[in-house]
A.B. asks: 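The structure's right below; bear with me while I get my questions together.
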Amino acid sequence: MNHGPTSRVGLFLSGGSMLEEEFSELEMNRLEKARRLRAEGLEPYPILSERDTSSQEAIAAFEAAEVAGSAEPVEVTLAGRIRAIRNMGKLSFAHIEDGSGKVQLFFRVDELGQEQLDAFARNFDLGDFIEARGTMFRTRRGEVTLQVSAFKMLAKALLALPADKDEQFNGVTVRHSVLTDPETRYRQRYVDLAVNPQVRETFKLRAKTVRALQEFLDGEGFIEVETPILQPIYGGAAARPFTTYHNQLKQQLYLRISFELYLKRLIAGGMERVYEIGRDFRNEGVSFKHNPEFTQLEFYMAYADYHKVMDLVERMVSFTAQKVAGTQKLKFRGHELDLTPPWRRLSIRDGLLEQLGLDIYELDSFDKLAAWMDAKGMKYDPAAPWGKLVSQLQEEYLEPKLIQPTFLCDYPRDVSPLAKQVPGKPQMTERFEIFVAGMELGNAFSELNDPMEQEQRFLEMGREYTEKDEEHHPMDEDYLRALAYGMPPTGGFGMGVDRLVMLLTNNASIREVILFPHLRESGSGAAEADAPEAQ
RNA sequence: GGGCGCGUAGCUCAAUGGUAGAGCAGUGGCCUUUUAAGCCAUUGGUUCAGAGUUCGAUCCUCUGCGCGCUCACCA
């Protein structure tokens, strides 16, 4: 059934492999070549490579010598994966690819002898790793090429990569086939990376994104820290956690759903500006913007409120876009986005006024708002608090309209248990979320630092969730103690790094920016029959 | 978890209620001392799995598995 390559990685060359019987003719062919090499005293998987430069460096060195009029030959040893072979009897051409790009190899009979030339044609296939020594030259067609004086196998590929031959038709490059099946691409990311250069590029940009965020925050005086992933009490977000267990301590533990409560302990301890970039885990559904484990950035700055956080965040994201994409203007999901600060700042109240003509400051109780929704024929949970109804309206009627980067401000207290109230508006809190292209990118607030008020919020939240019997939020007494020792006024912020990378690389799905996104365990029969788990 | 869609050769895709085809890749041959992304021939399929309807199923029905989109969930 599933004859994907994963199933046969465990086999070896010495024969006797049970899995060998499942080899296709094509694969048997390659295995025979590997065995033949070994029989001839040539190791198909040698330890050492003598490579001394990359393909693009070699080309650059040759071109520099050319310009300088140097007669000195450029001698190099290159290594890479064979991507194309053209055997022509008395000469052969090949293209190899390394981390820097592609370069052509030229095998010539009067340089290597017929025996060597035949050995290349007989033993080497697309996908093999080869090392080749020689001098660089320019062919009649003008392509800078390595004329090979010696070569050896570095690693024989037993499985064929998906074919991706390019052909020119009237000057247009046609790619005959590439690996596009999403399942194969995610499950066998190594094949995807080997065959799809833009995938490698995406993950280079992802690394650059994280570096840029660090560079920016470091420059603003933040200290990068690491806090526990295994937590006895989870918190800081409303999400179902993954649970695990420490055997020796006989202790139930949770994988963190946010960093928030630990980072604010650090602020209470006198670290004025801290951030963490790391993995969060939420036991929830998956979608184009949700993966059960995802990379989160959170920072906290003492003596700041959410307005100061907004100022910093728009500069941070704009800085990162410039570093990574080289521009503030991005194409994403059919939109033209402009990240140039300042971003729009819109309160939920004003937004709902604009979209629905609804003033939540007038309809400031559950009964009033519910009556209004009844009149409009809208459905809602009759057990929900007022703030939940506001959230529902905001999600349905407001968020999808927020295409250009927007700070959506001032959230109901009911749904913001860790945020400070807006002065004079006790049912609202100083909180904002960032929306870009209708997608939530970040979440922030003026952090609640009144321990007595925080305790009340925990209690209310605990009641609410206990009644629903779905999520139970235990009181985090140690966190309350930290607040009781005193935490300065603090602005905090959290952002999904994967989603930022989606924006910066114009990838519509979070799976495109996570190397190994979570997929359902693959089919029972295939997994059991194929996986050589004998241990 | 619900709805919709998809699953055919190594890869990308066709086709049909009468037993499956193309391009690329593979194999063999031609040929060639700075190109060939060439020419000729050829191998390769449990049409995701199981059951049902039918004289006959890859196609129709059901179930299962997997993937995608979407909804729900996700302050």
Side-chain angles (χ1 to χ4, degrees), chain A residues 1-5 23-30 84-95 104-112 114 117 125-127 137-145 147 159-169 173-187 191 195 236-240 257-258 280 282-290 292 294 384-385 387-388 390-392 394-395 411-419 429 431 433 440 443 445 457 461 464-465 470-471 473 496 508-509 511 519-527:
Chain A
M1 157 178 178
N2 176 6
H3 283 273
F23 263 23
S24 71
E25 190 184 335
L26 190 156
E27 290 152 1
M28 275 311 297
N29 212 293
R30 286 169 174 250
I85 296 179
R86 298 180 292 283
N87 290 320
M88 286 176 266
K90 295 217 166 25
L91 64 156
S92 288
F93 289 91
H95 274 92
Q104 182 169 251
L105 305 185
F106 173 54
F107 301 79
R108 197 181 166 192
V109 71
D110 52 3
E111 174 86 30
L112 291 161
Q114 192 64 49
L117 202 57
D125 293 299
L126 300 188
F137 76 107
R138 192 180 285 279
T139 66
R140 215 183 271 169
R141 287 261 184 119
E143 183 166 349
V144 178
T145 297
Q147 173 156 323
L159 304 179
L161 290 170
D164 68 337
K165 185 176 180 178
D166 291 345
E167 216 166 349
Q168 298 284 340
F169 285 117
T173 302
V174 177
R175 173 154 278 203
H176 274 291
S177 59
V178 289
L179 178 65
T180 55
D181 174 53
E183 181 173 0
T184 311
R185 288 186 49 231
Y186 301 149
R187 287 196 198 279
V191 177
V195 161
R240 269 169 286 184
I257 57 175
S258 85
D280 266 347
R282 297 189 182 176
N283 208 337
E284 292 158 1
V286 297
S287 79
F288 76 90
K289 53 185 175 181
H290 295 275
F294 62 98
K388 284 261 186 190
V390 173
S391 291
Q392 179 191 331
Q394 155 212 331
E395 283 163 23
Y411 281 63
R413 177 182 178 280
D414 299 339
V415 295
S416 311
L418 298 162
T429 58
R431 172 181 174 194
E433 291 187 326
E440 181 193 336
N443 182 21
F445 24 89
R457 302 277 192 96
M461 192 168 60
E464 188 187 324
Y465 285 110
E470 190 170 57
E471 299 172 26
H473 272 243
S509 167
R511 296 193 185 101
L519 300 178
R520 207 177 296 266
E521 194 174 4
S522 61
S524 49

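Below, read A as the first sequence line, B as the second, and so on, with proteins coming before strands; counting in each chain starts at 1.
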A.B. asks: Could you walk me through whether A/Ile85 and A/Ser92 pass the side chain to side chain contact (heavy atoms under 4.5 Å, CB included) test, one step at a time?
C.D. replies: CA-CA 7 Å; A/Ile85 296 179; A/Ser92 288; 5.6 Å; no

A.B. asks: In whole Å, measure the gap between the C1' atoms of B/rG50 and B/rA20 for me.
C.D. replies: 22 Å

A.B. asks: Taking atom P in both B/rG10 and B/rA25, what distance in whole Å separates the two?
C.D. replies: 16 Å

A.B. asks: Tell me which nucleotide among B/rG26, B/rC67, B/rA75 gets nearest to the side chain of A/Pro182.
C.D. replies: B/rC67

A.B. asks: Write down the distance separating the C1' atoms in B/rU35 and B/rA9, rounded off to the nearest Å.
C.D. replies: 31 Å

A.B. asks: Describe the nucleic acid contact of A/Pro417 in one word from base, sugar-phosphate, nothing, applying a heavy-atom distance below 4.0 Å.
C.D. replies: base

A.B. asks: Rounded to the nearest 0.5 Å, what's the gap from CD1 on A/Ile257 to CG on A/Asp280? Could you check?
C.D. replies: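 It comes to 8.0 Å.
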
A.B. asks: Which is it for A/His290 and A/Arg282 under the side chain to side chain contact (heavy atoms under 4.5 Å, CB included) test, yes or no, and what are the steps along the way?
C.D. replies: CA-CA 9 Å; A/His290 295 275; A/Arg282 297 189 182 176; over 6 Å; no

A.B. asks: Can you tell me how far C1' in B/rG21 sits from the matching atom in B/rC62, rounded to whole Å?
C.D. replies: 30 Å

A.B. asks: Nearest to the side chain of A/Phe288, heavy atoms from C-beta on, is which of B/rA75, B/rG68, B/rC69?
C.D. replies: B/rC69

A.B. asks: Under a 3.5 Å cut-off for both distances, is B/rU53 Watson-Crick or wobble paired, and to whom?
C.D. replies: none

A.B. asks: Using purine N1 to pyrimidine N3 plus N6-O4 or O6-N4 for Watson-Crick, or N1-O2 and O6-N3 for G-U wobble, both under 3.5 Å, which nucleotide pairs with B/rG45?
C.D. replies: none

A.B. asks: Rounded at 0.5 Å granularity, tell me how far CD in A/Glu183 sits from CG in A/Leu519.
C.D. replies: 7.0 Å

A.B. asks: In this structure, how many angstroms lie between the P atom of B/rG26 and the CZ atom of A/Arg30, rounded?
C.D. replies: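 In whole Å, B/rG26 P and A/Arg30 CZ are 8 Å from each other.
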
A.B. asks: Atom CD of A/Glu433 and atom C1' of B/rC74: how far apart are they, to the nearest Å?
C.D. replies: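 Interatomic distance, CD of A/Glu433 to C1' of B/rC74: 11 Å.
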
A.B. asks: To the nearest angstrom, how far is A/His290 atom NE2 from B/rA72 atom P?
C.D. replies: 10 Å

A.B. asks: Roughly how far apart, to the nearest Å, are B/rC71 and B/rA57 at atom C1'?
C.D. replies: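 Here B/rC71 and B/rA57 have their C1' atoms 34 Å from each other.
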
A.B. asks: With a cut-off of less than 4.0 Å, is there a side-chain N or O of A/Thr180 near OP1 or OP2 of B/rU12?
C.D. replies: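 Looking at the OP1 and OP2 atoms of B/rU12, one of them is under 4.0 Å from a side-chain N or O of A/Thr180.
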
A.B. asks: Got a second to check how far A/Arg30's CZ is from A/Leu159's CG, nearest 0.5 Å?
C.D. replies: 8.0 Å

A.B. asks: When both hydrogen-bonding distances must be under 3.5 Å and the geometry is Watson-Crick or G-U wobble, what is B/rC74 paired with, if anything?
C.D. replies: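 Paired with B/rC74, as far as the under-3.5 Å criterion goes, is no nucleotide at all.
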
A.B. asks: For B/rC59 and B/rG7, measure between their C1' atoms and round to the nearest Å.
C.D. replies: 14 Å

A.B. asks: When you check the phosphate oxygens OP1 and OP2 of B/rC67, does a side-chain N or O of A/Arg187 lie under 4.0 Å from one of them?
C.D. replies: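 Indeed, a polar side-chain atom of A/Arg187 lies that close.
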
A.B. asks: For B/rG26 versus B/rC69, give the span between their P atoms, rounded off to a whole number of Å.
C.D. replies: 33 Å

A.B. asks: Any strand is fair game: report the nucleotide pairing with B/rC30 by Watson-Crick or G-U wobble, both distances under 3.5 Å, or none.
C.D. replies: B/rG38

A.B. asks: Assuming nearest nucleotide by heavy-atom distance, tell me which of A/Gly285 and A/Glu143 is located more 5' along RNA chain B.
C.D. replies: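 In this pair, the answer is A/Glu143.
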
A.B. asks: Among B/rC73, B/rU70, B/rU27, which nucleotide sits nearest the side chain of A/Glu284?
C.D. replies: B/rC73

A.B. asks: So does A/Arg511 get a side-chain nitrogen or oxygen closer than 4.0 Å to the phosphate oxygens (OP1/OP2) of B/rC69?
C.D. replies: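 Yes, A/Arg511 has a side-chain N/O under 4.0 Å of OP1/OP2 on B/rC69.
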
A.B. asks: To the side chain of A/Leu519, which of B/rC69, B/rC74, B/rG68 is closest?
C.D. replies: B/rG68

A.B. asks: Going by purine N1 to pyrimidine N3 plus the second Watson-Crick contact, or the G-U wobble pair, all under 3.5 Å, which nucleotide sits opposite B/rC24?
C.D. replies: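 Base-paired to B/rG10.
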
A.B. asks: With the criterion being N/O to N/O and under 3.5 Å, what pairs connect the protein with nucleotides 31-34 of chain B, and how long is each?
C.D. replies:
unit_1: B/rU32; atom_1: N1; unit_2: A/Met88; atom_2: O; d: 3.3
unit_1: B/rU32; atom_1: O2; unit_2: A/Met88; atom_2: O; d: 3.3
unit_1: B/rU32; atom_1: N3; unit_2: A/Met88; atom_2: O; d: 2.2
unit_1: B/rU32; atom_1: N3; unit_2: A/Gly89; atom_2: N; d: 3.3
unit_1: B/rU32; atom_1: O4; unit_2: A/Met88; atom_2: O; d: 2.9
unit_1: B/rU32; atom_1: O4; unit_2: A/Gly89; atom_2: N; d: 2.6
unit_1: B/rU33; atom_1: O2; unit_2: A/Asp110; atom_2: OD1; d: 3.4
unit_1: B/rU33; atom_1: O2; unit_2: A/Asp110; atom_2: OD2; d: 2.7
unit_1: B/rU34; atom_1: O2'; unit_2: A/Arg140; atom_2: N; d: 3.1

A.B. asks: For A/Tyr411, does its backbone N or O pair with a side-chain atom of A/Thr429 as donor and acceptor, under 3.5 Å?
C.D. replies: yes

A.B. asks: For B/rG5, give its Watson-Crick or G-U wobble partner with both distances under 3.5 Å, or none.
C.D. replies: B/rC67

A.B. asks: Can you tell me how far CD of A/Gln394 sits from CD of A/Glu433, rounded to the nearest 0.5 angstrom?
C.D. replies: 6.5 Å

A.B. asks: Between B/rC13 and B/rU8, how far apart are the two P atoms, rounded to whole Å?
C.D. replies: 10 Å

A.B. asks: Using a heavy-atom cut-off of 4.0 Å across all strands, would you classify A/Asp181 as base, sugar-phosphate, or nothing?
C.D. replies: sugar-phosphate

